[in-house]
Structure formats: C-alpha cells, structure tokens
Participant: 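Pasting a structure below so you can have a look.
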Amino acid sequence: MKQIAIVHDGILQAQNPALRVNPSHVQSFDINRYSVSAGLIETLDTPFDAQHPAYQDQVLVKKRAFSCNYRDKALVLKAKHRIDSFAESSKVKFYTMGSEFVGEVVAVGSQVKHLTVGDRVIGNGNYPYSGYQDVRPGLPTNHGSKELEVFHHGKLVTIPNEMSDEIAAGFPIGGQTSYSMIRKLNLSSGERVLVTAGTSNTSMFAIAALKHLPVEVCVLTTRDTHVEKLKALGADRVFVIERGLQSFKQAPEVIKDAKLNGPYNAVIDPFFDIYLGQVVDVMAIESRYVTCGMYAQPYVADEAVMETLPNNMAHVLSHAMMKNMQIIGNCIGKTSDLEKSIEDYASGKLEVVIDQVYTDNQIGEFFDRSFNSSDRFGKVIYKYL
C-alpha cells in the first residue's frame, strides 16, 4: 500500500523486501529553517479479517486523498528530529503523515451495520467523547495518507455524492471545528462577529458558515492580497493588520469600526496566544470568545515570532470580568456538528475553498504549499492516482 511519509535519506538504500521506494518520489522541502525529506513509499497491505472477533466492529478503508493541517506542521518537525536520531541505525525510520482523508470502505466487520463496501467516508473526530466504550475521542488518525487503514466504525461518517474527493479530503476538521465553535457562541440576529486569522483553514470554514446567518461578519488578516477573496467567501468587512501587534491601538481601523458600528458580540479565534490579548479591547458587554488552538505549538513557532506574542493575562481577565465576557475553549466538535456541516455543503450553504491539488511525485510541492506559501488560500490536497 502507498503512504506519504517523512523519511531519512537512507531509505533509498534500505534493503527491506517489505518496503519499496521510487527515488523520484523522495523530495525535500524547507520548514522553519529545517530541510525535511518526504516520500511516496509502498509497504505491505494492512491486514483485515472481517470474520475475526477482533475486527467485528472495525472497517477497512482505502484512502483516495488526504490533507494536512497546522497541527501536522509540528508532527512533521517532530518526526524529522526523531528520524534523524536514527541516522546511524541499520533500521530505516519513517513517519506517515496526514490529519484528514477521504476513502472508500473495502471491508467491514461482522457487527458493522451502517457502513457497507463502496461507501465513501471521512474521519469523525467526535470530542470529548467518542460515543463508544474503549474508543478514544478526537481525530481518528495522524496517518491519513496511509492507503489502507482500519477504523472503528464510529470514527467514520459517510459523505454525499455532491462532495468530491478533493473537497472531502480537506473537510472534516474545518467543518466539525467551525460548526462546533459557532454552536457554542449561540449567536443572535444582528450580532457582530469578529473572525481572526482570516486565511487559516478553520477561519475560512467559519466565515463561509456564518455567511448564511443573520449576523455581521468582520475578519482580521495580515494578508492584503486576500481581502476580496475573503469578502466573496462571506466577510462583510475585512481589516488588514500588521503581524506582531501588542494592542489594537496599533490597528486604528479596527478601533474605528468598533466605535462607529459597535463592539463585537462574538469572536472566533484559532490562535488565542496571538489574538486574545488584542480582541478583548473591542468586545462588547456579555460578549463571547471561542478559540480552538494556539500558534506557539512545540517545534512549530519561530522563536523570533514567539517573543512578540502578547503576555498580558491580567489585561485579558480584567476585561473579561468587567465585561462579563465568556471565554470558551473548543476542541474539534460533536458528530452532529460534522453532520450539519456536511448537510450544509450538500445543500449549497457552505463553500469550501481548495487551493491546489497535487498527485504522483509532487510530494515536496504538496508539503511546501501546505506549510510555507504565503499566498495559499484554501486547503491543499494530495490525491492518489
């Protein structure tokens, strides 16, 4: 079976009959000043016995396409450091990548009733409870590019014909997370919603989902080239701000908007360590703020950038107290959030933007576009031929 993996250069000299590598499918890309090698490799197929008791509630899925997220950037660098530590070992190491995937069911266990061979499926990251005893909540896999993979049936949902493989491969995390965040905000008609980091994948899903709600959608971005695209996606107003702001006192457009049109009733923020200390200045009484992540993840954040991140907890909490604000944490979402996002996509109410689709030996380009391209707008997909 195929898989896209972070590898050590020595994999090309590996003498392993269970591992096949085409040299033209091993390429390098730079990330955070590190040179990383990745390749399309082939290994033995994943075993599956539909009649065996161990597989009775399991499903074998053959992947068609996959994608990476911001979280994968940390996994790439962590894998590189671990693999490099085995550089002098005779046993070659590799780490298979991918947080999201679309695949086809090719076998089901004897107790699986709602999935059948031929169904197209994506991962269900239902959190904080999986809904099944002894089944972990959260994302089904960190190895979404593995062509054949076994899952508990509860970790999968079917997708409609209206959803292409390219869309589906980059859909589950953005759909499930953004719909969970919007649900928790409990928005009312006429409220003003501020979405930070407008070109992050989660924010783009949120903007597109908010478009059909009776709210005003304001968006922050550091990329002035994407203003019109964000408006087309669903933003009523877009503010271009500089990187590394300590306060919106350095962003007069945002302050002016809050004074003229009213402070923001709700905020959707994928990076609390960048924006929380800024947005509290322009939030309304009894407003709600929801976040799903942080920028300064291990291995990922540039040290120079981390030094500019606000460190003002007293400022944040004093605003939260005086304004009776709610600060809400969010990790992925419920199965119902994912199902609602799929339903909205199928009915034309949710737009999903694809930036590029790569295939065959375009491994280096796929990773470089996913993690490094400042002009990227939307999901980057790798599709198996």
Side-chain angles (χ1 to χ4, degrees), residues 65 67 69 99-102 119-127 156-221 226-238 264-270 288 290-292 328 330-355 357 376-381:
S67 67
N69 284 270
S99 288
E100 298 180 274
F101 65 87
V102 59
D119 284 345
R120 288 193 309 141
V121 294
I122 57 177
N124 177 10
N126 196 26
Y127 191 90
L156 302 168
V157 296
T158 57
I159 55 173
N161 293 332
E162 292 88 348
M163 185 178 287
S164 68
D165 285 345
E166 290 84 355
I167 294 292
F171 189 92
I173 292 179
Q176 197 162 26
T177 301
S178 63
Y179 273 62
S180 175
M181 296 171 83
I182 292 170
R183 170 176 53 82
K184 290 179 179 180
L185 288 174
N186 194 25
L187 297 169
S188 298
S189 179
E191 290 194 309
R192 308 190 75 216
V193 183
L194 181 66
V195 182
T196 69
T199 59
S200 77
N201 289 316
T202 299
S203 293
M204 290 179 66
F205 269 87
I207 293 165
L210 290 167
K211 181 178 182 178
H212 297 283
L213 297 181
V215 297
E216 184 179 8
V217 183
C218 302
V219 177
L220 300 178
T221 182
H226 294 330
V227 171
E228 295 307 315
K229 293 179 181 178
L230 289 169
K231 288 182 178 179
L233 190 62
D236 296 299
R237 303 169 189 265
V238 179
Y264 304 103
N265 306 104
V267 174
I268 294 175
D269 181 12
R288 291 89 66 207
V290 62
T291 183
C292 62
I328 307 167
N330 184 86
C331 185
I332 318 179
K334 297 180 179 180
T335 300
S336 57
D337 295 316
L338 180 57
E339 291 173 338
K340 181 64 167 64
S341 65
I342 293 172
E343 178 186 327
D344 281 357
Y345 177 82
S347 66
K349 292 175 63 177
L350 177 65
E351 180 181 355
V352 179
V353 182
I354 300 298
D355 177 82
V357 179
R376 177 185 56 76
F377 191 80
K379 292 292 297 186
V380 180
I381 308 298

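Residue numbers start at 1 and run along the sequence shown.
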Participant: Compare every heavy atom of A209 with every heavy atom of I182, then report the nearest pair and how far apart it is.
Facilitator: CD1-CB, 3.7 Å
Participant: If we ignore angles and hydrogens, is there a donor and acceptor under 3.5 Å between the side chains of S180 and N330?
Facilitator: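 Yes.
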Participant: Which heavy-atom pair separates I354 from E166 by the least distance, and what is that distance?
Facilitator: CD1-O, 3.7 Å
Participant: Please name the pair of heavy atoms, one in D355 and one in R376, separated by the smallest distance, quoted to 0.1 Å.
Facilitator: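 Taking every non-hydrogen atom into account, OD1-CA, 3.5 Å.
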Participant: If you compare all heavy atoms of C292 against all heavy atoms of T202, which two are closest, and at what distance to 0.1 Å?
Facilitator: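 Scanning both residues completely, I find the closest heavy atoms to be SG-CG2, 4.0 Å.
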Participant: Are K340 and Y179 in a cation-pi contact, defined as NZ or CZ under 6.0 Å from the six-membered ring centre and within 45° of the axis?
Facilitator: no
Participant: Treating S203 as the side-chain partner and T196 as the backbone partner, does any N or O pair qualify as donor plus acceptor under 3.5 Å?
Facilitator: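 Indeed, once roles are kept as given, a pair shorter than 3.5 Å links the two residues.
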Participant: Between atom CG of L230 and atom CE of M204, what is the distance when rounded to the nearest 0.5 Å?
Facilitator: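 Between L230 CG and M204 CE, I get 6.5 Å after rounding to 0.5 Å.
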Participant: Within the side chain of S347, is there an N or O that forms a donor-acceptor pair under 3.5 Å with the backbone of D344?
Facilitator: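 It does hold such a pair.
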Participant: If only side-chain N and O atoms count, and only distance matters, is there a donor-acceptor pair under 3.5 Å linking Q176 with N124?
Facilitator: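 Their side chains do contain a donor-acceptor pair, which is all the 3.5 Å distance test asks for.
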Participant: May I ask you to decide if T335's main-chain N or O and N126's side chain share a donor-acceptor pair within less than 3.5 Å?
Facilitator: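 At least one qualifying donor-acceptor pair exists.
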Participant: Without swapping roles, check the side chain of E100 against the backbone of I173 for a donor-acceptor pair under 3.5 Å.
Facilitator: yes
Participant: Could you tell me whether K334 atom NZ has more than 12 heavy atoms of other residues or ligands within 6.0 Å of it?
Facilitator: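 Result for NZ/K334: open.
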Participant: Which residue is it: N161, T158, D165? I am looking for the one with a side-chain hydrogen bond (donor to acceptor under 3.5 Å, both in side chains) to R120.
Facilitator: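 Output: one option passes, namely D165.
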Participant: In terms of the angle between their ring planes, are Y345 and F171 parallel, tilted or perpendicular, with boundaries placed at 30° and 60°?
Facilitator: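 Geometry flag for F171 against Y345: perpendicular rings.
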Participant: If only atom types and distance count, is the side chain of D236 paired as donor or acceptor with the main-chain N or O of C218 below 3.5 Å?
Facilitator: no
